[in-house]
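Heads up: the structure comes next, in structure tokens.
Counting starts at 1 for both ligands and their atoms, in listed order. Side chains are part of it too, since the values below use all heavy atoms of this structure and drop only hydrogens, waters and symmetry mates.
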Amino acid sequence: MNAYINSVLENVKKKHSDEPEFVQTVEEVFSSIEPVIDAHPEYEKADLLNRMVEPERMFTFRVCWQDDNGGWHTNIGYRCQFNGAIGPYKGGLRFQANVCPSIIKFLGFEQTFKNALTGLPMGGGKGGSDFDPAGKSDAEILRFCQSYMTALYRYIGPDIDVPAGDMGVGGREIGYLFGQYRRLKGTYEPGVLTGKGQTYGGSLIRPEATGFGAVYYLNEVLAHEKETISGKTIACAGFGNVTWGIAKKAAQLGAKVVTLSGPDGYIYDPDGVVTPEKIDYLVEMRASGRNRVQDYADKFGVEFHAGEKPWGVKADIIMPSAMQNDVKMESAEKIAANGVKYYIEVANMPTTNDALAFLMKQPGMIVAPSKAVNAGGVGVSGLEMSQNSERLRWTSEEVDEQLHRMMKTIHDMSAEAAAEYGLGYNLVAGANIAGFKKVAEAMMEQGVF
Ligand code: 2IT
């Protein structure tokens with residue numbers, strides 16, 4: 001590897017030895033950018049990479065809230081404004097017990113390049129809290145969100161930093177956060193958050209966007225291989241918003257999602273999550289707060305495998321759509337042994353770096369990276385911001401068409417970036433290169449800082 005990249009990587013490893021996810025994502029991005037660094041000696045001269053791996057700003061805040069029995073709890077709130085070179089910081093909030101600086105920073109770093117790929121003016125940011133929403137009442141969620149926003153509202157705004165949802169933060173939480181922001185600011189600024197409800201400035205198709213976008217991207221990959229999605233089986237993970245969107249779009253196009261997973265195990269439904277009843281049930285399961293996928297097996301009489309991951313199931317397409325590092329070496333070996341041709345990452349960094357490198361080496365396997373595949377979510381958030389600032393509202397068809405076009409462009413741009421450096425049809429390297437180049441050029445033109 002290029003000596004400069006190596007030295008920055010060593011620096012990151014030393015400085016952040018307690019932040020494994022962050023180190024992992026830096027290593028993953030840096031593994032692709034050697035040809036760009038070689039072609040641009042001015043980047044090393046300006047020490048661009050050491051600047052790029054340091055968030056512009058990151059802060060924590062106290063979030064204190066009262067439970068329904070009058071007991072008090074204190075959580076840590078985070079916001080990382082990673083890179084604002086190409087637009088206001090933009091990225092979701094994750095509420096999950098395991099949230100820590102490493103997770104927030106890895107997500108913020110990924111978000112920076114992902115947002116660049118959308119072609120929209122959005123910088124990279126991420127935030128959240130170690131608050132665990134599981135089993136909390138609606139009133140507890142409301143009080144937590146109000147307290148969270150009370151601490152955060154001074155530091156965000158439609159032209160400053162625009163949070164949205166991520167795991168544990170959906171339409172309900174965004175509503176409560178927006179209500180509190182409005183109350184504190186005394187102005188109506190819908191562009192401060194995305195993923196809002198339809199009655200107060202939310203964009204049509206935003207709930208579907210990540211899953212739909214992932215399937216549109218998949219379609220481009222299949223077209224490249226002269227195949228179509230119709231009749232294909234897809235192994236997914238999770239049962240949240242993203243997996244719901246994939247199941248819905250896949251069913252519309254004649255394909256079927258055959259696995260779902262949760263912290264309790266996975267289900268295998270050979271008929272597919274294809275009927276409206278089954279697809280809607282994912283939303284119901286998520287809303288129940290039980291965080292159990294076994295409920296699906298019980299309701300529809302399909303197999304449930306306790307404590308296991310779905311990656312041993314033979315399917316045409318694998319779409320890990322749950323969380324980071326869900327696919328480790330052991331699962332990757334099963335996927336390869338099954339002769340799977342399409343490995344399409346969806347969740348942020350769902351594959352460990354060794355497993356990803358292993359899968360990319362399998363003859364005939366096509367690997368697509370999450371920062372491109374799931375970019376439709378934040379892409380439609382960008383469209384929501386445009387609609388808010390222009391005070392207009394596009395129809396579902398208009399948003400869906402723009403999403404479709406965006407995903408095609410991201411795929412084509414990635415394929416072209418890889419081809420330009422003689423890397424063949426390498427979507428992982430292509431996405432890293434295309435995203436990196438855009439952010440790098442913007443930073444250089446602005447005097448780096
Ligand atoms: O990971 C992601 O891209 C998101 N959670 C969505 C971010 C957004 O601002 O819509």
Fill in: E28-N432 side chain donor-acceptor pair, cut-off 3.5 Å
yes

Worksheet item: Is the shortest distance from a heavy atom of M122 to ligand 1 less than 4.0 Å?
Response: no

Worksheet item: Which protein heavy atom lies closest to atom 2 (C) of ligand 1, and at what distance to 0.1 Å?
Response: K114 NZ, 3.2 Å

Worksheet item: Where's the contact between R206 and ligand 1, heavy-atom distance under 4.0 Å: side chain, backbone, both or neither?
Response: side chain

Discussion item. Below 4.0 Å from ligand 1: does a non-hydrogen atom of P163 turn up there or not?
Written reply: no

Worksheet item: Can E110 be said to touch ligand 1, with heavy atoms closer than 4.0 Å?
Response: no

Response to the item:
When rounded to the nearest 0.5 Å, the distance separating CG of L383 from CD of Q402 is 5.0 Å

Discussion item. Students should be able to answer this: which protein heavy-atom is nearest to atom 10 (O) of ligand 1, and at what distance?
Written reply: S381 OG, 2.6 Å

Worksheet item: What do we get for M167 next to ligand 1 when only non-hydrogen atoms under 4.0 Å count, side chain, backbone, both or neither?
Response: neither

Worksheet item: Could K437 and E441 be called an ion pair, given the rule that one side-chain N must be under 4.0 Å from one carboxylate O?
Response: no

Fill in: Reported CG-to-CG distance for the pair N11 and L49, which is rounded to 0.5 angstrom
10.5 Å

Worksheet item: Which residue owns the protein heavy atom closest to atom 7 (C) of ligand 1, what's the atom, and how far is it?
Response: G92 N, 3.6 Å

Practice prompt. Could you list the atoms of ligand 1 found under 4.0 angstrom from a heavy atom of A164?
Written response: 8 (C), 9 (O), 10 (O)

Worksheet entry | Side chains of K105 and T25, donor plus acceptor under 3.5 Å | no

Worksheet item: Does a donor on one side chain sit under 3.5 Å from an acceptor on the other, for R57 and Y89?
Response: yes

Discussion item. Taking 4.0 Å as the limit for heavy-atom contacts, which would you say applies to V380 with ligand 1: side chain only, backbone only, both, or neither?
Written reply: neither

Response to the item:
Numbered in order shown, the ligand 1 atoms found under 4.0 Å of a heavy atom of Q111 are 1 (O), 2 (C), 3 (O), 7 (C)

Worksheet item: Which ligand 1 atoms does K126 reach within 4.0 Å, using its non-hydrogen atoms?
Response: 1 (O), 2 (C), 4 (C), 5 (N)

Worksheet item: Where is the nearest protein heavy atom to atom 5 (N) of ligand 1: which residue, which atom, and how far?
Response: D166 OD1, 2.9 Å

Worksheet item: Are any of the side-chain nitrogens in E208 or K249 under 4.0 Å away from the carboxylate oxygens of its partner?
Response: no

Discussion item. Which residue and atom name correspond to the protein heavy atom nearest atom 9 (O) of ligand 1, and how close is it?
Written reply: K90 NZ, 2.7 Å

Worksheet item: Between N75, I76, V99, which is the residue that forms a side chain to side chain contact (heavy atoms under 4.5 Å, CB included) with F131?
Response: N75

Item to complete: Tell me yes or no: between the side chains of Q24 and T352, is some donor less than 3.5 Å from an acceptor?
Response: no

Practice prompt. State plainly whether the residues D269 and K256 are in salt-bridge range, i.e. N to O under 4.0 Å.
Written response: no

Item to complete: Could you list which atoms of ligand 1 come closer than 4.0 Å to a heavy atom of G165?
Response: 4 (C), 5 (N), 6 (C)

